[in-house]
Amino acid sequence: MKEDRDRIKESIDNLDRNMFVVRKFHSQEGWASKNIYIPFEVEPDVEDSTEKIVLRFLKGYGPSSLQGIRGGTSFYYSEIEAVLSKLREEGVVEKIWMGDLGLEMWILTEELEKLENIEPREVRDRLRILSLYDPWIQPMWSQLISKFGEGWYFPIIKNGDICGMIEKWEMSGCLEIREVMLESEELLPELIDELDRMMKFYRKKGLEILRIKRAFGEDIAGSKHLETFLKKGYKQIGDFIAKGKFEPLVFTRNQVLSYIFWKQGIHDEHRFENVMDAIDALGGLRSDYEANLKTDIPVSLQRLMDQGTLFSGRTIPEFVTYSTLENIAVYKKAKNRRLTEYMKMVLDVIKDKEPIRRKQLFTLSPLGYGNTTEALRRLSDGLYVVWEIIDGKGAYRSVPDIPDLTTNRARKTVLKRIMDSYGIFSAENLSAYTKHEFKMEETRKTLRQLEREGHLVKGFFVEDEETLYWALKEDLDKIAKMTFDKQFLLTPRDNLSIYLRERVRERWNMGSAAVAFDGTDMIAALRVRWRKNEMIITDFKGDLSAREILKTFSLENDIRVVEEREQMDDWEMVIWYERMRGKESK
């Protein structure tokens with residue numbers, strides 16, 4: 001019930017606020033993470049704890065008003081006043097009055113003499129970027145709002161006074177500054193130096209690049225201040241500038257896509273010689289259509305299963321894939337699914353009689369039909385068992401463990417192989433490609449590790465995009481030379497379609513679709529369904545010249561390509577029928 005949830009939430013908030021529970025750190029990124037609460041075990045009551053916290057606050061943030069102490073400690077006013085009165089009698093703190101209005105403040109007695117000996121004009125402090133949560137900023141909120149309005153920005157302070165602000169956000173792999181405002185443009189060199197100091201903090205969080213898009217109300221690319229930034233080590237990339245550890249190279253989308261097709265074996269100059277070479281490089285193949293597209297000597301994957309060379313299982317990404325038992329064992333360790341008691345019982349039956357047919361397995365299983373079915377599904381998803389062909393019939397076989405292979409090493413191996421098979425990825429697309437088997441934090445951590453090892457480099461490699469990409473270091477000089485003019489049909493039964501899914505969705509508003517390519521141009525997208533030796537088109541968007549690509553696909557794969565639409569007028573049907581057969585429409 002919603003009422004029960006509301007009461008529970010209120011109770012947890014109260015427990016959290018009063019520190020009966022605390023939030024457990026679980027290594028997930030802030031925006032996507034869930035709060036995990038655990039009891040807060042504390043030592044026996046600390047004597048004079050309230051007094052010690054008030055003193056600690058004054059030492060860190062004093063002089064402070066009574067209201068400031070209340071905001072920083074959450075103690076009641078009566079508690080704070082009692083503590084301050086006691087400490088004043090002991091000579092530890094003193095009350096002072098500040099400014100023309102006589103604002104009442106409290107300060108440590110040992111710091112009072114230093115305050116009295118300071119002349120206002122002697123106060124000198126370097127330029128600093130602070131947070132709206134910083135105690136120094138709290139009394140300045142009305143001044144900030146009058147200068148910059150309401151919003152989430154970071155005030156800039158020099159000599160204790162507000163002199164500007166920046167708007168900054170943590171993005172994928174970099175820190176982005178979307179606006180810079182300074183009361184005096186002469187402060188810009190100091191601000192740039194302060195940004196360098198600030199990045200020492202963000203590098204500890206894995207953000208090694210600072211990107212700036214606007215300054216003083218205008219785009220940085222056309223700003224008169226651009227040269228000041230460039231002299232301080234920034235590089236211009238399109239309409240923004242950036243500084244940090246990255247390669248300042250930019251390639252066209254056609255060059256990047258040509259390179260991806262080259263890595264995938266679709267390019268005529270870099271095809272795989274046979275199916276086994278493709279599987280070694282890509283980790284597996286999902287269909288004969290993929291094998292025919294990428295290999296010079298295609299062989300039926302089903303035939304290789306009949307020979308005991310290949311097995312099928314749900315790898316990463318989690319689609320049924322044909323691969324070797326050795327490859328599948330790596331995926332199994334990478335997935336590292338927990339074995340339940342029922343899964344162990346069914347797995348023991350399989351290991352005892354393998355290869356074992358499904359009917360025999362259900363006969364020998366000590367569990368009922370439903371529990372055996374569920375346990376078998378989980379074993380298959382975890383790759384503890386795979387499907388193989390024996391004498392023309394399917395059977396289950398267990399997947400052996402690889403000695404000394406740890407889960408961390410297996411997961412790194414899988415991500416590295418995926419990266420190697422495409423050559424270039426953004427962290428977001430890489431995580432999405434694995435169907436989020438690898439969360440963003442782990443994905444970025446592994447990419448940074450491969451970068452430190454010299455295997456990858458990062459940069460804003462794609463023209464007219466602000467996305468940060470990682471690419472193979474050894475191939476970086478190849479991308480600019482890449483061209484591609486081949487025509488082909490990419491089916492949904494090819495993992496390359498997962499890589500390009502967002503581009504297909506943006507262009508054709510389709511998710512899972514077959515895509516006709518003329519070179520690097522997507523000229524048509526088709527929703528399809530499969531029936532034995534037929535590919536049935538249920539929706540078609542794009543240029544009808546794609547019929548030639550469909551004809552070639554039909555011949556090379558020995559499959560019929562037919563159109564099926566829920567609504568089609570007679571004239572449209574005649575045009576489609578005749579064009580598919582190369583006739584002149586009348």
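Here, residue 1 is the first one in the sequence, and each next residue gets the next number. Just so it is clear, the structure is predicted and the values come from calculations on it, not from any experiment.
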Are K445 and E442 close enough for a salt bridge, meaning some N to O gap below 4.0 Å?
no
Would you mind listing every ring-ring contact (aromatic ring centres under 6.0 Å, His included) that reaches into residues 237-256, with sequence neighbours excluded?
F240-F460, F246-F460
I'd like to check the side-chain hydrogen bond (donor to acceptor under 3.5 Å, both in side chains) partners of Y202; sequence neighbours left out, ordered by chain and number.
K168
F425 vs Y422 aromatic rings, parallel, tilted or perpendicular, using cut-offs 30° and 60°?
perpendicular
Hey, what do you get for CZ (F553) to CG (D558), rounding to the nearest 0.5 Å?
11.0 Å
Using the ring of F488 (Phe, Tyr or Trp, six-membered ring only), decide whether K294 places NZ or CZ under 6.0 Å from its centre and within 45 degrees of its axis.
no
Residues D196 and K243 bridged, charged N to O under 4.0 Å:
yes
Go through the steps to decide whether F517 and F261 satisfy the test ring-ring contact (aromatic ring centres under 6.0 Å, His included), and finish with yes or no.
CA-CA 11 Å; F517 279 89; F261 292 161; 5.4 Å; yes
Do I537 and V562 come within less than 4.5 Å of each other through their side chains, counting heavy atoms only?
no
Sub-4.5 Å side-chain heavy-atom contact between Q264 and L496
yes
Would you call K245 and K458 a side-chain contact if the rule is heavy atoms closer than 4.5 Å?
yes
Does atom CZ (R560) have a neighbourhood of more than 12 heavy atoms from anything else shown, all under 6.0 Å?
no
In this structure, is the centre-to-centre distance between the rings of F461 and Y469 below 6.0 Å?
no
Regarding S545 and D543, do their side chains bring together a donor and an acceptor under 3.5 Å, going by distance alone?
yes
Are W387 and F311 an aromatic pair by the rule of ring centers under 6.0 Å?
no
With side chains defined as the heavy atoms from C-beta onward, is the minimum distance between N274 and D277 less than 4.5 Å?
yes
Go through the side-chain N and O atoms of T324 and N327 and say whether any donor and acceptor fall under 3.5 Å apart.
yes
Would you say that L285 contacts L310 through its side chain, given a criterion of any heavy-atom pair below 4.5 Å between the two side chains?
no
Is the NZ or CZ atom of R286 both under 6.0 Å from the centre of the six-membered ring of F319 and within 45° of that ring's axis?
yes
